[in-house]
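Written below as structure tokens is the structure these notes are about.
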Number of protein chains: 2
Amino acid sequence: MTIEQNFFNEYRLMYRPFTNQLNVQLEKYQLYSSQWAVLRLLIDKGPHSLVEIANFMFIEKPSVTRLVQKLGELGYVETVAGKDKREKLVQLTAHGETIVQEIQEHLKPFLEKALAGVPTQDIEIATQVLARICANIHQ
Amino acid sequence: MTIEQNFFNEYRLMYRPFTNQLNVQLEKYQLYSSQWAVLRLLIDKGPHSLVEIANFMFIEKPSVTRLVQKLGELGYVETVAGKDKREKLVQLTAHGETIVQEIQEHLKPFLEKALAGVPTQDIEIATQVLARICANIHQ
DNA sequence: TTAAATTAGTTAGCCTAGGTAACTATATAC
DNA sequence: GTATATAGTTACCTAGGCTAACTAATTTAA
């Protein structure tokens, strides 16, 4: 087994357990991890159109439509007119901003437990590796 | 955004694009990445029962049943009697072993391209980080 | 300046990769 | 010898995407 194969093996092995447990953490906010990813984007980088969200998350437009619809029903986001009549800007509601901050606090111990015993520097290196792969994959 | 949040952000962002492209690579062998993961386990660690595969991959028994059924239809694996009449051991067929080696060669450039520009040492660190998280998550 | 092409978003229906509940058959414990 | 546990299967459900085909608005080009 090469070092590359081993890396991607571990990468894949972690995905389900982590996502499942994250979904459990998010249950009390009626959210799934995919929806949480949208909220994270909005709080970190401000309002975005649906196409922008799709490009950022590397998913297709119809997937974004559903995610945003669900977040809208929960009252966490709202859409406002964009720079032309086609575009919709998605932004957090006041309630949404409060909830996102609450969730971030709620998730903190979970994420810290997941990374327990890992030196900060190693987390940073691993983060850079993942980002680099993402860039490599998209040419 | 904390360093932990940033790590898991990058982790999640990479998942779909990578899996989608891996599935494209595996298309000519009529395999999906989930099925490939089973073949990888069998070639690396020898024959396993369905329950063992489930435990190793952190998925449920019915999911393994389906994966193994599909691999059986393709002629890549076969099941033989286990240590009692309930247990089935899943092992690669002769054809399966040939194919797995062929696929590993086929995937090599793809995986290397994905990790292009990443120092070997950083890959190792990232691999350890992922393995540690996996362990932390399962207590 | 109108016709063709492009872009933002939606709807409908599909797929992968899982999951749970409930079952059968065999094995173990009391 | 009955109760419990274990290996595997079947049926059905869910998350988190996908493509194709559409509408409405905008831009390009003839």
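Because the structure is predicted, anything quoted here is derived from the model rather than measured. Lettering follows sequence order; numbering is per chain, from 1.
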Anything under 3.5 Å between a donor and an acceptor, one on a side chain of residues 103-123 of chain B, the other on a protein residue two or more places apart or in another chain? List them.
| residue | atom | partner | partner atom | Å |
| --- | --- | --- | --- | --- |
| B/H106 | NE2 | B/Q25 | O | 3.3 |
| B/H106 | NE2 | B/Q25 | OE1 | 3.3 |
| B/K113 | NZ | A/Q139 | OE1 | 3.1 |

Check your understanding: In residues 48-56 of chain B, what residues come within less than 4.0 Å of DNA chain D, judged by heavy atoms?
Key -> B/S49, B/L50, B/V51
Practice item. With a 4.0 Å heavy-atom cut-off, tell me which residues in residues 9-26 of chain B come close to DNA chain C, sorted by residue number. Key: B/N23
Review point. How does protein reach along nucleotides 22-30 of chain C, written 5' to 3' as B (base within reach of a heavy atom under 4.0 Å), S (only sugar-phosphate), or - (no contact)?
Key: ----BS---
Point to revise | Any pair counted as ring pair (Phe, Tyr, Trp, His ring centres under 6.0 Å), so long as it reaches residues 120-139 of chain A, sequence neighbours left out | key: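 Every ring pair (Phe, Tyr, Trp, His ring centres under 6.0 Å) pair that includes a residue of residues 120-139 of chain A, provided the two are not neighbours, is A/F58-A/H138.
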Indicate every side-chain donor-acceptor pair of residues 45-54 of chain A with a distance under 3.5 Å to a residue at least two apart or in another chain.
| residue | atom | partner | partner atom | Å |
| --- | --- | --- | --- | --- |
| A/H48 | ND1 | A/G46 | O | 2.7 |
| A/S49 | OG | A/E52 | N | 3.2 |
| A/E52 | OE1 | A/S49 | N | 2.9 |

Point to revise | Any pair counted as salt bridge (Lys or Arg N to Asp or Glu O under 4.0 Å), so long as it reaches residues 83-97 of chain A, sequence neighbours left out | key: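 Checked against salt bridge (Lys or Arg N to Asp or Glu O under 4.0 Å) - neighbours excluded - the pairs reaching residues 83-97 of chain A are A/K83-A/E87, A/D84-A/R86.
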Check your understanding: Which residue pairs pass the salt bridge (Lys or Arg N to Asp or Glu O under 4.0 Å) test when at least one of the two sits in residues 19-40 of chain A, sequence neighbours left out?
Key ->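 For residues 19-40 of chain A: A/R40-A/D44.
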Exercise for review: Kindly write out the residues that satisfy side chain to side chain donor-acceptor pair (under 3.5 Å) with A/N136, not counting sequence neighbours, or none if the list is empty.
Suggested key: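 Listed in chain order: A/R132.
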Practice item. Look at the side chain of A/R66 against the base of D/dG16 and say whether a donor-acceptor pair falls under 3.5 Å; ignore hydrogens and angles. Key: no
With a cut-off of 3.5 Å and sequence neighbours excluded, list every side-chain donor-acceptor pair involving residues 3-10 of chain A.
| residue | atom | partner | partner atom | Å |
| --- | --- | --- | --- | --- |
| A/E4 | OE1 | A/T2 | OG1 | 3.4 |
| A/Q5 | OE1 | A/T2 | N | 3.1 |

In residues 65-78 of chain A, what donor-acceptor pairs under 3.5 Å come from side-chain atoms, sequence neighbours left out?
| residue | atom | partner | partner atom | Å |
| --- | --- | --- | --- | --- |
| A/T65 | OG1 | A/K61 | O | 3.3 |
| A/Y76 | OH | A/Y29 | O | 3.1 |
| A/E78 | OE2 | A/Q91 | NE2 | 3.0 |

Point to revise | Which residues share a side-chain contact (heavy atoms from CB on, under 4.5 Å) with A/S33, sequence neighbours left out | key: A/T19, A/L22, A/N23, A/L26, B/R12
